[in-house]
Every structure is written in structure tokens, then in C-alpha cells.
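Scroll down for the structure; my scribbles are underneath it.
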Amino acid sequence: MNTKLFLHATLMLGLTAGATTAFAADVANMTVNDIAQCMRQNVVERGSLRDFQVNAFDAEGKSNNLKVKVFWKPAKTSDESRMTLQVLEPDTYAGTAYLLASDGQSEQINLYLPALKRVQPVVGSEMTQKLWGSDFTFADVKQVQGLLVDGNAKRLADAAVSGRPTYLVETATDKSQTGYSMVRSYIDQQSCTMLKAELFADGTTPTKVLTGDLNRLVEVEPYWVMLGYTMNDLKAGTHTDLVLSDVYLLERGLPESLFTPEGFYQPYE
Amino acid sequence: MANKLQWWAAERAPWLLLAIVILTIIAFFQVFDVRNGHLRLEVDPSLEGISTQSDAEREYANLLQRRFGSNEPIMVVVRADDTFTLAGLQRIDRLSKALATIDGVQGVRSLTATTIPRVTDGVLNYTRVTPESLTDPQLPEQLRAAAANTALLTGQLVSADGRAAAIVLETAAMTEREMLESDLAGEVLRVADTEAADGVEIMVTGASIIRSEISETVARQLRRVVPTIIAVVTVLLALAFRTVRGVVLPMITIVIAQLWLLAVMSVIDRPLNLITALVPPFLVTMGLAYCAHVLAEYESLIRDEDIGDPVERIAKLVSEISVPVAVTGIATIAGLLALMLNDQRSMVEFAWLAALGTAFLMVLTLTFVPAALRYCRPPATSRPLPAAWAFETGGEKLSHFDQRRRKGILAIAAAVFLGALLLASRIEIGDVFVGVFAPEARVRADYEAANQAIGGVNPLDIALEGGAADVFTDPDILRALDSLQTWLVAQPEVGSVTGLVDHVKLLDRYLGEDSEGQIPVSRDAIRQMLFVGESELLRSVVNLDRSSTLIRLRLTVDDTNSIGELLDRVRLRLTALPPGLDVRLLGSAVVMTESVETATEGQLQSIALALGLIFVCLAFQFMSPKLGLLASLPTMLQTAIYFGALGLLAVPLNPTTVLVECLVLGLAIDDTIHYLARFASAARRFGSEAQAASFALRTVLRPITLTKAILALGFLTMVTGELRSQAQFGWLAALTLACAWLVDVFVTPAFISGLRIVTLWDALRLNLGDNVQAQIPLFAGLSNRQARIFALMANLHTLPAGTRLISEGDDAGSIYVVIDGELTVYSGSGDQRKELRRMTRGDVVGERGYFGQKRSANVDTVTETRLLRFDDADQERICKAYPAIAARVFLSLNRLQAERQSELQPPARGRSMEEVLANAGPASFDSTLGD
């Protein structure tokens, strides 16, 4: 039910690339809005394809590993964007697929379960629900990105993450909606990618910490892409690794059948 | 040795006081931090200590809490005419949001804060209620329809009739103590009450809410009850003794003992919890009893004109009190230590803390109190104690009554004992949780109203472990769980049940094509549905790899009896589940029920062991198993009466009521031993058990009565307490004290008055000289201990030189054995006087008279002489109490008699009378002299 959210989350995190040159010269005077714009303008909007893995570990070390393939592209005739997701592994979930259609105002998912051989249209979202049993909720990512949309954020003194200078932005949030009262985001000054985020439910100790894997921060000219994140739920003792494979920026070639409910019944090669 | 000890205590009083003061000052600084005025000792108001969970069980419970989240959420229930109205939903939404902002609240579930799936025009709507939708007139009916179709909502977030809605708060993982200190419960109450209005009732309940209230109430009660008891005790002590020392000394003694104990707890970093908090009242009780006896003895001594020297008076006081106080203390400590076999950790702590406190009291009573009394200036007059006449006369009359009606009293006691045992068999083990509060208390009223409105609020979980991943996606297993849930719902104690199968059915209804919602036959279908339907709610009943699941129940009952019966049925039903599943019952309802059952049963065993240990102590003290048993009987009777009263009054047995029994044991031992000590010494002094019984009762009646009355009134102040358990403790303790007094003044004297008692202490103090067996033929074959017992069971007399012991021609009746000194045996008088022989250590005098003949010569003491006298009655007593000793003495006596007879065959052996007399050696003058 939360696939759409995960898609959003994935896109916002992994597929956000940094166009660093636009703001690089004015780091000291960057406002929150400037930082938001730096991140927002680099969301990849073109049709593309990539794989990612979600490895969720519970407090006892038990894991649930997924391998997923994603396709997305905008509709040619409207503002609508469409995404399709297919679970590749494990076998028991293989073939489970989602089609997300958004016209900018409303969103709908078509969900396909191969065991039932049935497509079910779904609408709705749940901000605080964990996605696929992982440690990611949509609110997590949304709040990390919150500085982009609600403006209820302030820039604090710059900090360093693993020696890299970052903008530190603190965003106050509505706990009843998000589960958090505050999020602190550490945004790489060079790439405008999220290197770290701390999510606070109460007090001054974060409930969760999102950490980018600097070894997986790659430059795809002219973009920077973070290919690995780990979300640690400090209270639950769980963590989830999100690992993205190489990015394929496809100018063309994705068939329309991939973005229709009927296409679920046809195997994609 | 004993004399040295008593004089040492009396003469070194200043040093003793100084040492005690220094120790107390150290203890004070260990307990209080004078820099900030705070206690260094931690006070833990939580109920965690009551649990009998093993570490492994606790660890598993913690694991499940981490895996599935809290199983004890706080519930805020909103009751109105109809929940499914826009106003009603808006109210729930406001409250949900406000409650979510409270620190410590990790998650909120309610009709507006939870995603409720609903199908509109074939599209599954999986959105949470939004602020915009809360103005949609169609929303209430949509939610009503959605709620009606799933067990995940009905009975969980909304009542079946739709009038009540629950807002369920998941709290952050914190210990009970942290939760209490955070005042989370109070904050939830304050926020919840803001939505109360006409026609809208707000109820807040949950295990943590109830525990918080219990803890706070207990703390509040302690703050009120302890000063009240102190005030009542002070006033009554003042009335009883009408002296400053009579009030101040017991209070100081008790305070010092408490300070020492608290200091030890502080040093070893043990907090004072709800169970160990009962140690201070226990020490007050025992301390008062100990001091009352000492003060009563002291008051008696200062009225003894023969003792004018303060040091001598204190030495005498120590001599009189040391044995009963020491024996009482040791027996009580042994009894308390028996409680350490209990599985409940707090009971174990209670046991050793109370034992340590008793040891402190014992030491202080034997050192501090006498030392302090040395510096008290008693009145020069012999003004009688308050109500002395009443106690003297009453004691005398009661003693006569007891002896006159001895058989009747013992028959009644036996009947009461048997009746009490029969009544005790009706006792039920059990406790209540919210039922400890008065019906009008907010916490209980809310619980009961919420229970009625929602249909069960007391959580209980059934945890199932499959042992491998994906076990709980097996359709067969899920159908078995479905059947189990159906059975559970049918149980009268169960309000609602939810579990994995409800999620699967719900998913099947919306994702499959079955409008009813079934468990799919395909395992892959179940797996895929759970995969896409993953949510916090689902994760609260099944883990990530589907190897573990919970069935969550909400019970409508909270008493451990009802829960225990349900648990028995559930356990039986669980045996019908497919093999290979590891199933356990969890939750505070289970923990409390099993803790109460285990702990109480354990306590009963411990009390039985305590009685056994007390018997051993007393048997050792009286050097006879039989006397030990007899001396234990009053304690056993009081114990039986107490448990019989519980059965008669339908009071369940639980940790609280069992703790009262500890007081019963302690006080019963104290009274019995003091009575026996008085009786034993008086019996030897007067040579009459009847007189001794009368004297003993007159002496102890005052302290026994005053102690019981003061304590009973003190405990009765608890009857007005807010918690039913505390009120119950108060009146049970008072009633028990009253029963104990009746046993003390009627049954114990009746039991004991026919006995001659020898105590170990007496035996140790008695000096019969060296090499007793060789030098005193009557004791041949006896051990030193046996010889002393015989001597104490008989009558020891010390006669000054020149005293006539036997006159020729008198009726005989007693035999004398010379312990030391010298006597002369002679016939005639004046010029006709003829000394027949001299008798010294070991000689037997008058055995011929013992066999029924008249005295044949005169016997006078030449030097101060110690003699052992015994007659038929003594022999009878010895036969009953110490048959082995009696048999050996008879044998020796017969041998002596035979030897004398053989020595009296002069013609046949060719010996003259002079030769016989000259060679007689240790002899019996009657037999030696012949007829």
C-alpha cells in the first residue's frame, strides 16, 4: 500500500543529483530557500530506470532483502508522471508490481499481486507507516526534504560530516502528522546531496539517523548521486540499508505498456 | 560467663552508648545527604519488584516488547451518543493530535489517526482521515461501515455499538520507574480531560495508569500513615508508662534500628520498594514489643528496694531479659530467613531486610536500652505503674482461671485449631489490580467504565514462536490460529481478540476477491498480501520474517482468580494447536496472576518452614523436642487462627495478607518466649508450677497487653487508607493482635502451666562442678548436658552451714544428692549425739525415705552446701519430658540401691558394721545405716 511513498522516497534520496555549480560560489550566504532550490532543481525528471535493494534488519538481526526495479517517465501529453516498480527478489514476492500515476494534484496506485493475478486500484498514503517492513517511513524522507516544501526550517552553523562541509538545516515538524518534532539535515555543500539526517521524536536525542554512504557518492557528469543510505532506528535497534545500482538515464525506449495496469500481466524483458 | 556479660553491659554503658551514637551518626550521613537534604536511599514506587518472572521470562517479554511494541498501551476512551458523527470524529482527532504531542507518547491509534482501509467505487482507499475529510458529511458512515467489518477496529478503536471510541497511546520504551517519574500518566489525564463536556465522558485507563496511581497512592499513604502511627504510639506509650523514658526509649530504639537498616540498604544500593517498604512498620511492631518487655522489667526492678545501685539494677535487668530477647530475636530471624526460599525477589529482600532489622533491634534492646536506662533517674518512690493493680489482679485471676479450666481451654484451643484449619482450607489465593481502589476513585471508575464501554481493557498476549521463517504464512497454521481466536472470543472473560489472521482476512477482503475475507489457500498469496500490507499495526502482531506472532486479547476482568481460571482453560486449548509451535502467555495480567499464585504458595511453604525453624529453635532452647513442640503450639495456633480468619472472612491470600502473618509469627514467638522464660525461672524459684504460672502471667500481662493494644490501634489507623489492600492490612493486623492476646493470656498459660521447663541458657549457667559423672554416681552415664537438665528439672537448694536438713523420725519423700559442701549424719541429741558419718560431694541422702520409710537419722549441714532434691513428682515430670535421662537416673539409683544392699550382708561376708561404714564411700546414709 505504501509503494508510492517508497518510490517518492527513493527518488528524492537516491535519484536526486546535485548541480553544484549554480551555488558553489555563494556558500556562506546560502539561505534555506537557496539550499532547497539547489536540491529541488536537480531531481531527475526524465524517464529512466534503475535497480535498488532494500535490506531491512530487525533488532534480532533477521532480515528481509528485496531487489526492485523501477521505471518512470512523464506523460507526453500532461503534467502527469508515472512510475512502475517490479519486485525481482525474493522469489516469493517476484512479480509484485506497482504503477503510480500522479497528475500533480492526486495520486493513484495500481497494485498487482501475481499470486492473486489481480490488479487492485489503491489511493492514499500513510506518512508514519514503515515501508515494506523497512525503517523508512514516507515522513522520514518527506521531512528530510521538508525544508524544500514547508519553509519551516532554519539554517544552523555549518557542520562537517566525515570531513565534508555541510549545510545544517533544522526543520520543525508536526509530530502528530510525522511522528517527529524536529529533523536536522546535513547537506553536502559540494553536491547538494543529503549526507546525514537526524530525526527527533522527543528531546535532544534522535530517534532515527539516516546516513549516506560516502563511498557510494558518485559523480555522473554533471550530477552527483548518493547510491547508498542506511537508516538506523536507534530506539528499535533496527536498520535498513538502501543500495542503488548504477543509474540509467534513458532518453527513450521505455514502452507505454509498462505504465498501464494491463502491462502487469505481461512479462517485461 | 553470663554474669560477666551482664556486668560488662552494665558497667560499660557509657562506651556502649558512645559506640551506638557513632554508628548512628555514620548511618544518618549514609542515609541523608545533608548538602541537599535528600535521601541517598532510592525509593522505587513501581510494582516491578512484585513480579516472580525469571530473568529468562523477563528477557523474553522485553524481546517481544522490542519486536511488537508495548503490550500495555494507555487507553483514552471517549463515550458519547454516537462516535460516528462529524463532531465526534473531530473531537477524537483533536484529542489524538494533542495526546501525540506528549513527551513519552510514541504513537497514537484512533479512528482518525489510523489508516482505515475502505473501498469506494472499486478503489481501495487507504488514506488516513485528513483535516479536510473531517468536514465531509459522508465520512462518518464510511468509517462506521469500515469499522463494522473488521476485528482490527471493533473492540479495539470503537465499541460494537459505536458509542465509545478508544484512543490508544503507545508509550516509549521505559521502565515503570521512569514512567512514574515522567508523570506521563498525569499528563495524559490532563490532556484527555480537556475534551470532557456535557454528554461526553472521557475515561483514561491502562496498566501503566493504574500502576502509577497505585504507586502514588502508596507513597501518599506512607506519608500519612507513618506519622499517624508514630503519633498514636507515642500517646499510648505515654499513657501506658507515664514516663519520658517509657515513650522516648522505644521510639529512639526503633529509629536507630531503622536508620541502621536504611544505611545498609543505601550502602548496597538497594531501593525501598512497595514490598520492602513494609519492613519499617514491621520493625516498629517488633521494636515496640521488645522494648515493652524490657521497660516492664525495669519498672519492676526500680520498685525493688533491695536493688539500689543503678549498675546492679542494669546488670540484673540484662540478666533477666537477655535470654528471652535473644531467643525471640533468633527464632524470629530464623523464621524470616525461611521466606528467602520464595521465588519473588522483593519477598526475599523483605525477608533478609526484616531479619537484619530484627537483629539490629535485638542488639539495641540488649545494649542501648539497658545502657540508656542506667542514666535514667527513676523516682525514689515505689509509686506503682499505671493500672498496676488491674494487671496484677487480672493476671492472678486469669492464671487461676487458666489452671482451673486448663482442660477446657486446651479443648477449646484444639477445637479452634481444627476449625481454623478447616476454614483455612477455604482460602483462595488471589489479588485484584484496580480493585484495590475504592469504587468511586477516578482510576477505578475510569477502568470499569472503559471496560464496559469498549468491552475489555486489560491486555493479555499469546506469543507464538514458529521456530523458522514464514511459519505464520502457512494457511493451515493460520486456520488453526483463526479457530483459536474464535474460541478465545467466546470466553466470558475475554472482551476482544486480534491477531495476524484478522490482518490476513482484511487484506484478502480488499486485495482478493472475497468480500467476506478468508484465509487464502495459497501461501504465496498470504506472503504477498502481508508484504504489500506491511504496516505498524501488522508489525504489532507478526515479525519481519513471519516466524513469530502475537494474539492480543483484552480482558474484561482484573482479579487474579478469574484470570487464573481463564489461563488454565487457555493453556488446555493451546494444546490443540499444531505441533512445533512454542506458545507462551504474556502481559501484566499473566505476570500478576502467576506472581500472586507463585509467591503466595511459596510464602505458605516458607511459613511452614518458618514454623519448623521456630520449633527447632525452641526445641534447642528447651533441650527437648517435646517441649519445643509444646512451646511452638501457641505460635501454630495463632497462625492457624489467622489463616482460619482469612477463610472465614473470604479474604484472599496474597502477598499483603501473607506479610501480616510475618507479624503474627514475630509477635507470637516474642510473647511465648517471654512467658516461658518467666515461668521457667519462677518454677525453680517457687518450686511450684502453679505459682510460677501465676507469676509469669502477672509479669508479662502488662507488656503483652500494652504492646498489642498500642500496635492494634496503630494499625487501625490504616483502615481509613485509600487502598483496599492497606485497609485490609490494617484491620487484619489489628484483629490478629487481638487474637494473639487471647492466646497469650488463656492458651499459652494453659499449655505450659503443667510443665517444668529447662532452658539451654539455664543449663549453660548451671555449674555442677568438675567431673560430674565420676564424682556423683547418680549422674553416671549421663552427659554434662543431661546432668544439668536433671538438676534443673529437680530442685537445687543451697543451705548455709548448720542447717537441719533431715530430722530422725520424719516422713520421708525426697532424695538429696550432695553437689558440694559437707553434711554430718548423726543420731541422738545432746550428750547422746553420735555422729554416724560425714557426707560430701556425690553422696546420696535419703533414698530409703524415697522408698517409703521414715527418716532414721538427723542430717545437718557442716558447711554451706548445695543439694539436689527430687521426689516422685519430679521423677514423673522428668519421665515425661526427658525419658532417656529419667531412665538413666533410675538405673543409677537402682545400682546404688543394689550396691548398698550387697554391702549390707555382713555375716555372710564376714564384715562388721563398722567395716561397712568405713568402706562405704559415696553413700546413702539411710541405706548405709541399715535398720
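Throughout, protein chains are lettered first and strands after them, A, B, ... in sequence-line order, and every chain is numbered starting at 1.
For V87(A), the part lying near chain B is the side chain, with the backbone staying farther off; criterion is any non-hydrogen pair under 4.5 Å. In this structure, chain A has no heavy atom under 4.5 Å from any part of T473(B). Interface residue N543(B): only side-chain heavy atoms are found under 4.5 Å from chain A. Heavy-atom distances place no part of T238(A) under 4.5 Å from chain B, backbone and side chain included.
Side-chain contact check for R523(B) versus T92(A): every heavy-atom pair is 4.5 Å or farther apart. At least one side-chain heavy atom of L63(B) sits less than 4.5 Å from a side-chain heavy atom of E60(A). Within the 4.5 Å cutoff, no side-chain heavy atoms of L113(A) are placed close to those of F531(B).
Checking each of Y98(A), Y112(A), Y93(A) against V532(B) for a side-chain contact (heavy atoms from CB on, under 4.5 Å) leaves exactly one that passes, namely Y98(A).
Scanning for salt bridge (Lys or Arg N to Asp or Glu O under 4.0 Å) contacts around D524(B) gives R527(B), with sequence neighbours left out.
Nearest heavy atoms, Q528(B) versus A115(A): OE1-N, 3.0 Å.
Sparse packing is recorded around CG of D91(A), with 12 or fewer heavy atoms of other residues, nucleotides or ligands lying under 6.0 Å away.
To the nearest 0.5 Å, atom CZ of residue R546(B) and atom CG of residue N64(A) are 7.0 Å apart. Taken from OG in S63(A) to CG in D545(B), the straight-line distance is 8.5 Å, to the nearest 0.5 Å. For the atom pair L511(B) CG and Q120(A) CD, the distance stands at 6.0 Å (nearest 0.5 Å).
Among the candidates T96(A), T207(A), V119(A), the residue making the largest number of heavy-atom pairs closer than 4.5 Å to chain B is T96(A).
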